[in-house]
2 protein chains.
Amino acid sequence: MTATPFPVSEIVATRRPHRKDAARNYDALLEAARAAFAEHGADASLEDIARRAGVGIGTLYRNFPTRRDLFETVYADEVNTLCRAAVELADREPWAALTAWLDRFAGYMVTKRAVREALDGESDIFQACRESMYAAGGPLLERAQRAGAARADMDFGDLLRMVAGITATVFDDDAQRDRVLAIAMDGVRAVR
Amino acid sequence: MTATPFPVSEIVATRRPHRKDAARNYDALLEAARAAFAEHGADASLEDIARRAGVGIGTLYRNFPTRRDLFETVYADEVNTLCRAAVELADREPWAALTAWLDRFAGYMVTKRAVREALDGESDIFQACRESMYAAGGPLLERAQRAGAARADMDFGDLLRMVAGITATVFDDDAQRDRVLAIAMDGVRAVR
DNA sequence: ACTGTAGCGGAGGTACCCCTCCGGTTCAAT
DNA sequence: ATTGAACCGGAGGGGTACCTCCGCTACAGT
């Protein structure tokens, strides 16, 4: 509520190296990790990630001594993007802004699910990310609630969980996913 | 729609052995597998399942030559229970019957999620189970729709996916899960 | 009680993954 | 151009999971 939505990445311990080749490897690893987590979930093989990044396994471990470090960094990255998006959406209508943001949120859920699975909530960074995300997205819901567009008897956590759950599911096609999400959002709208 | 909701287990290839000790082992394996899948998801260790069941790994492989066989059997079991429940609920009010069944459905989702992950939809049994479940549960939704309790512009598949997604998510506590599910169900109800 | 057979358990070969360690390489500051 | 510090890759030891195979066990039918 009071926290600024930005400093998440600065909390993360591991930092991007200064040297050119090192920085390139760091980026490649992060990108490969993102893909691997999205594909295989929490227990993607670290060796596979290094392979995909075209980097030795040793390099991976130097940058991210722990599997957790890698997770945290990838996750913090996504959250930052999400926070920035919330700010950019501030000028739209309350309900439109909220749903637009939730759309983005849904896009980043693949990673989040893996992270949640791996970190199991017992991480400082995870906590910081959550706060940061609530600080960024929470106001969107509150605004919609004040405008009478969203029901008042729910909080931002409820909404996030709902959207997260639905988007994490396997659907026949994207149309079905959108349809189901819309139905659920009708429940959020219903102020009667 | 026309299919009877019961024959699922008969489709499954592996069958319960006749001999007393063998049957006991079979049951123990199934129970251990159910627990392991619920706990560790799709990639639970087969050796661990055998250990939990107090049975040699060889016994597991004799009963279920493939990981898939084990999955299918466990899954078919759950589906059968679910189908039976649908019949028992037939005498309640349309909306109440529907939500009550979805409650049971949610309870079995833990296994289903693992199965879905493992089988990836490319299984005959999976297909048969789905049909069986739709045949059993679909009428509950249709009845609610005819009664004007549920919106008409959605089908049973949509509903199942929605509930499945939400219940598969990690919540702070059961109260939150129920709250979120209720919100989403308000979206289903909303006939305006 | 006898006996054939269905069923049992787990050792062991193979494969993969985790993580450490260190000799060689590459950058960037002088 | 030199040089030393930072960085690189991957071999290798330890662990676990998968699955097969076979000598032994215990059930059930006579």
Side-chain angles (χ1 to χ4, degrees), chain A residues 12-74 114-115 117-120 123, chain B residues 12-74 114-115 117-120 123:
Chain A
V12 177
T14 41
R15 271 209 254 292
R16 198 160 176 275
H18 298 326
R19 242 174 71 169
K20 201 162 55 171
D21 55 344
R24 199 179 335 118
N25 285 338
Y26 181 90
D27 292 342
L29 278 170
L30 233 48
E31 184 49 44
R34 208 189 317 275
F37 290 155
E39 193 170 330
H40 301 304
D43 39 38
S45 156
L46 296 186
E47 278 178 337
D48 185 51
I49 291 175
R51 263 193 300 272
R52 287 196 203 206
V55 151
I57 184 69
T59 301
L60 186 153
Y61 275 96
R62 201 171 326 100
N63 280 289
F64 310 98
T66 295
R67 174 185 223 94
R68 167 177 307 236
D69 291 322
L70 186 51
F71 267 109
E72 289 181 344
T73 308
V74 169
V115 173
E117 201 177 315
L119 265 46
D120 204 37
S123 158
Chain B
V12 176
T14 40
R15 270 210 254 291
R16 197 159 178 277
H18 298 325
R19 240 174 71 171
K20 199 163 58 171
D21 54 344
R24 200 181 332 120
N25 285 339
Y26 182 91
D27 293 342
L29 278 169
L30 232 48
E31 184 48 44
R34 208 189 317 276
F37 290 155
E39 192 170 332
H40 301 305
D43 40 39
S45 157
L46 296 185
E47 280 179 335
D48 185 50
I49 291 175
R51 264 194 298 274
R52 289 196 203 206
V55 151
I57 184 69
T59 301
L60 186 151
Y61 275 96
R62 201 170 326 99
N63 280 290
F64 309 98
T66 295
R67 173 186 224 92
R68 166 176 307 235
D69 291 322
L70 186 50
F71 267 108
E72 290 181 344
T73 309
V74 169
V115 172
E117 201 176 318
L119 265 45
D120 205 36
S123 158

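In what follows, chains carry the letters A, B, and so on, assigned in the order in which the sequence lines appear, proteins first and then strands, with residues in each chain numbered from 1. Below, each value reflects all heavy atoms present in this structure, side chains not excepted, and no hydrogens, waters or symmetry copies.
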With sequence neighbours excluded, tell me which residues meet side chain to side chain contact (heavy atoms under 4.5 Å, CB included) with [X].
| X | result |
| --- | --- |
| A/Asp27 | A/Arg16 |
| A/Ala38 | A/Val110 |
| B/Glu47 | B/Ser45, B/Arg51, B/Ile57 |
| B/Ala53 | B/Ala28, B/Leu29, B/Ala32, B/Val55 |

Checklist line | Gap between atom CG of B/Leu70 and atom CG of B/Leu60 - 0.5 Å precision | finding: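 Output value for this atom pair is 6.0 Å.
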Check: Between atom CD1 in A/Ile57 and atom C1' in C/dC22, what is the gap in whole Å?
Finding: 16 Å
Margin query: If I compare all heavy atoms of A/Thr73 with all of A/Tyr26, which pair ends up nearest, and what's the gap?
Written below: CG2-OH, 3.5 Å
Notebook entry, point to check: What residues in residues 31-45 of chain A put a non-hydrogen atom under 4.0 Å from any atom of DNA chain C?
Noted result: A/Ala44, A/Ser45
Report the residues that fulfil salt bridge (Lys or Arg N to Asp or Glu O under 4.0 Å) with [X], sequence neighbours left out, ordered by chain and then residue number.
| X | result |
| --- | --- |
| B/Arg24 | none |
| A/Arg67 | none |
| A/Arg19 | A/Asp21 |

Check: Looking across every strand, which nucleic acid part, if any, lies under 4.0 Å from B/Asn25 by heavy atom: base, sugar-phosphate, or nothing?
Finding: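 Result for B/Asn25 = sugar-phosphate.
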Next item on the list: For A/Ala23 and for B/Thr66, locate the closest nucleotide of DNA chain D by heavy-atom distance; then report the residue assigned to the nucleotide nearer the 5' terminus.
Entry: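 Looking at DNA chain D, the more 5' nearest nucleotide goes with A/Ala23.
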Margin query: Which residues pass the side chain to side chain donor-acceptor pair (under 3.5 Å) test with A/Asp43, not counting sequence neighbours?
Written below: none
Check: 5' to 3' on DNA chain D, which nucleotides open and close the contacts with chain A (atom under 4.0 Å from a heavy atom)?
Finding: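 Contacts span D/dA6 to D/dA11, reading 5' to 3'.
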Next item on the list: Report, as a single string ordered 5' to 3', how protein heavy atoms within less than 4.0 Å touch nucleotides 23-29 of chain C: B base, S sugar-phosphate only, - not at all.
Entry: ---BSS-
